[in-house]
Amino acid sequence: MEDWQRILRESLRTPEEIAERFGLEVEEVRKIGRVFKIQITPYFASLIKKKGDPLYKQVVPDMAELAENSGEEDPLEEDLDSPVPSIVHRYPDRVLFLVSHSCASYCRFCTRKRKVGDPSKIHPRYIEDGIHYIKDHPEVRDVIISGGDPLILNDDKLEAIISSVRAIPHVEIIRIGSRVPCFLPQRITEKLVNMLKKYHPLYMNVHFNHPDEVTPEAAKALNMLADAGIPLGNQTVLLRGINDDVMTMRKLMQKLLVVRVRPYYIYQADYVKGTDHFRTTVEKGLEIYQGLRGWTSGLAVPHYVIDAPGGGGKIPLIPEYVQSISDEKVVLRNYVGEIYVYPQVKTQKKRRPRAQTPCYAAQSQQL
Ligand SMILES: *Cc1c(COP(=O)(O)O)cnc(C)c1O
Ligand code: SF4
């Protein structure tokens with residue numbers, strides 16, 4: 001057994017352990033655990049400084065999860081875009097490939113609560129179906145290996161999956177989505193990175209939500225991945241009481257750049273059942289975006305997106321920097337709110353058409 005597997009095995013997971021460690025009622029923890037699996041690696045638990053802090057809230061169960069009043073099981077309607085259980089095919093040229101039902105720790109706000117932690121929902125036998133689906137669909141040029149967390153699989157199982165995907169001629173790039181560098185950085189071993197780097201072009205998107213998660217251990221893991229030539233991106237979920245202020249987000253994005261991770265997305269929290277206590281307003285997200293753009297390196301500014309309920313995919317939200325557009329001028333607002341005017345190009349047209357929405361759907365069909 002490898003070190004990381006031993007650490008993982010020592011995770012807090014029984015209601016008794018969790019209740020004792022965090023001073024909770026065993027019965028309550030048991031109730032929550034029946035709805036969504038509870039598990040916290042000893043490493044991540046050691047980063048929790050006090051009850052209710054930003055790391056605590058992400059992984060320690062809360063009775064608010066049992067609130068029935070709002071949220072959907074599958075807000076993104078991923079199941080409707082699943083031709084086989086392990087594949088979500090929503091966009092023209094890329095698929096999500098769900099290969100693992102387990103995670104190192106379970107985020108209480110997880111969008112895929114309905115599947116994650118439940119072996120019957122992301123079953124190993126579905127992996128083969130997924131590979132066949134990708135083989136049969138030549139338009140798929142980008143495969144995002146996700147779950148659950150794919151890096152929970154041992155090196156051999158993981159390599160079997162990645163090498164099968166890599167062997168498909170029309171697959172140009174492979175991406176891995178993982179929160180392991182945050183929850184269990186010890187999993188990133190020399191052996192793992194030496195295996196991964198055989199399958200370039202390979203990208204990895206990691207998941208950090210708070211600056212306190214960017215520890216020396218995480219830095220070491222991320223640097224090993226970067227040294228293996230794997231470009232790293234980060235996905236952050238905007239969470240109430242955890243990272244919903246400008247200074248926390250700015251610090252997080254800056255710390256990620258230092259450990260060679262490029263911030264990629266900030267997600268508005270999805271409308272998932274039992275996670276209402278984590279949601280913030282969209283105005284808060286826009287305020288955070290404005291507190292990044294211009295105030296710090298452009299590299300530290302991710303896209304702010306909502307994954308549209310009902311399966312519309314990710315939609316970017318951008319504060320209004322354009323105040324007006326006329327035949328003569330474009331009026332713009334800069335990051336501190338000052339107004340600037342850009343003179344328009346003189347055109348022959350009498351009247352400028354209103355802002356157009358080009359038909360990308362028609363374009364994409366020609367590609
Ligand atoms: C997020 C997501 C992707 C990847 O989207 P990018 O914007 O290309 O990173 C692909 N498929 C599904 C279903 C997704 O949710
Ligand atoms: S690591 Fe990802 S898939 Fe796993 S519980 Fe957290 S958000 Fe969900």
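FYI, the numbering just counts along the sequence from 1. Indexing begins at 1, ligand by ligand and atom by atom, following the structure's order.
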Q | Presence of salt bridge, Glu320 and Arg333, under 4.0 angstrom | A | no
Q. Does Lys57 pair with Asp62 as a salt bridge, N-O distance under 4.0 Å?
A. no
Q: Output the list of atoms in ligand 1 that are nearer than 4.0 Å to some heavy atom of Arg175, sorted by atom number.
A: 4 (C), 6 (P), 8 (O), 9 (O)
Q: May I ask you to check whether Cys107 brings an N, O or S atom to under 2.8 Å from atom 8 (Fe) of ligand 2?
A: no
Q.
Any salt bridge linking Asp227 with Arg260? Criterion: basic side-chain nitrogen under 4.0 Å from a carboxylate oxygen.
A. yes
Q | Proximity of Tyr265 and Tyr304 rings by center, below 6.0 Å | A | no
Q) Ion pair present between Lys284 and Asp245, side-chain N to carboxylate O less than 4.0 angstrom? A) no
Q) Does Thr41 use its side chain to pair, donor to acceptor, with the backbone of Phe183 at less than 3.5 Å? A) yes
(Q) Can you report which non-hydrogen protein atom sits closest to atom 8 (O) of ligand 1, along with the distance? (A) Arg94 NE, 2.7 Å
Q) Considering only protein heavy atoms, which is closest to atom 11 (N) of ligand 1, and at what distance to one decimal place? A) Tyr91 CD1, 3.6 Å
Q) Within the structure, does Tyr267 bring an N/O atom to less than 3.5 angstrom of an N/O atom in ligand 1? A) no
Q. Using 30° and 60° as the class limits, which term best fits the ring planes of Tyr289 and Tyr321: parallel, tilted or perpendicular?
A. tilted
Q | Geometric N/O contact Arg90 with ligand 1, under 3.5 angstrom | A | no
(Q) As an exercise, identify every atom of ligand 1 less than 4.0 angstrom from a heavy atom of Ile144. (A) 3 (C), 4 (C), 10 (C)
Q) Looking at Glu2 and Lys191, does any basic side-chain N land under 4.0 Å from a carboxylate oxygen? A) yes
**Q.** Nearest non-hydrogen protein atom, atom 8 (Fe) of ligand 2
**A.** Cys110 SG, 2.3 Å
Q.
I need the nearest protein heavy-atom contact for atom 1 (S) of ligand 2: residue, atom name and distance, please.
A. Arg179 CB, 3.6 Å
Q.
Is there a polar contact between ligand 1 and Tyr264, counting only N or O atoms under 3.5 Å apart?
A. yes
**Q.** Contact atoms of ligand 1, heavy-atom distance to Lys314 under 4.0 Å
**A.** 1 (C), 2 (C), 3 (C), 4 (C), 5 (O), 14 (C), 15 (O)
Q) So, do Val272 and Thr275 sit near enough that their side-chain heavy atoms are less than 4.5 Å apart? A) yes
Q: Could you tell me the residue and atom name of the protein heavy atom closest to atom 12 (C) of ligand 1, and the distance to it rounded to 0.1 Å?
A: Leu96 CG, 3.6 Å
(Q) Within ligand 1, which atoms have a heavy atom of Val88 less than 4.0 Å away? (A) 13 (C)
Q: Note the single closest protein heavy atom to atom 7 (O) of ligand 1, along with its residue, its atom name and the distance in Å.
A: Tyr265 OH, 2.4 Å
**Q.** Pair Arg90 + Asp81, salt bridge at N-O below 4.0 Å
**A.** yes
(Q) Regarding Cys103, does it place an N, O or S atom less than 2.8 Å from atom 6 (Fe) of ligand 2? (A) no
Q.
Less than 4.0 angstrom from a charged side-chain N to a carboxylate O is my criterion; do Lys49 and Asp212 meet it?
A. yes
Q: Considering heavy atoms of the protein only, find what lies nearest to atom 2 (Fe) of ligand 2 and give residue, atom and distance to 0.1 Å.
A: His207 ND1, 4.4 Å
Q | Region of His303 that comes within reach of ligand 1 [heavy atoms, distance under 4.0 Å] | A | neither
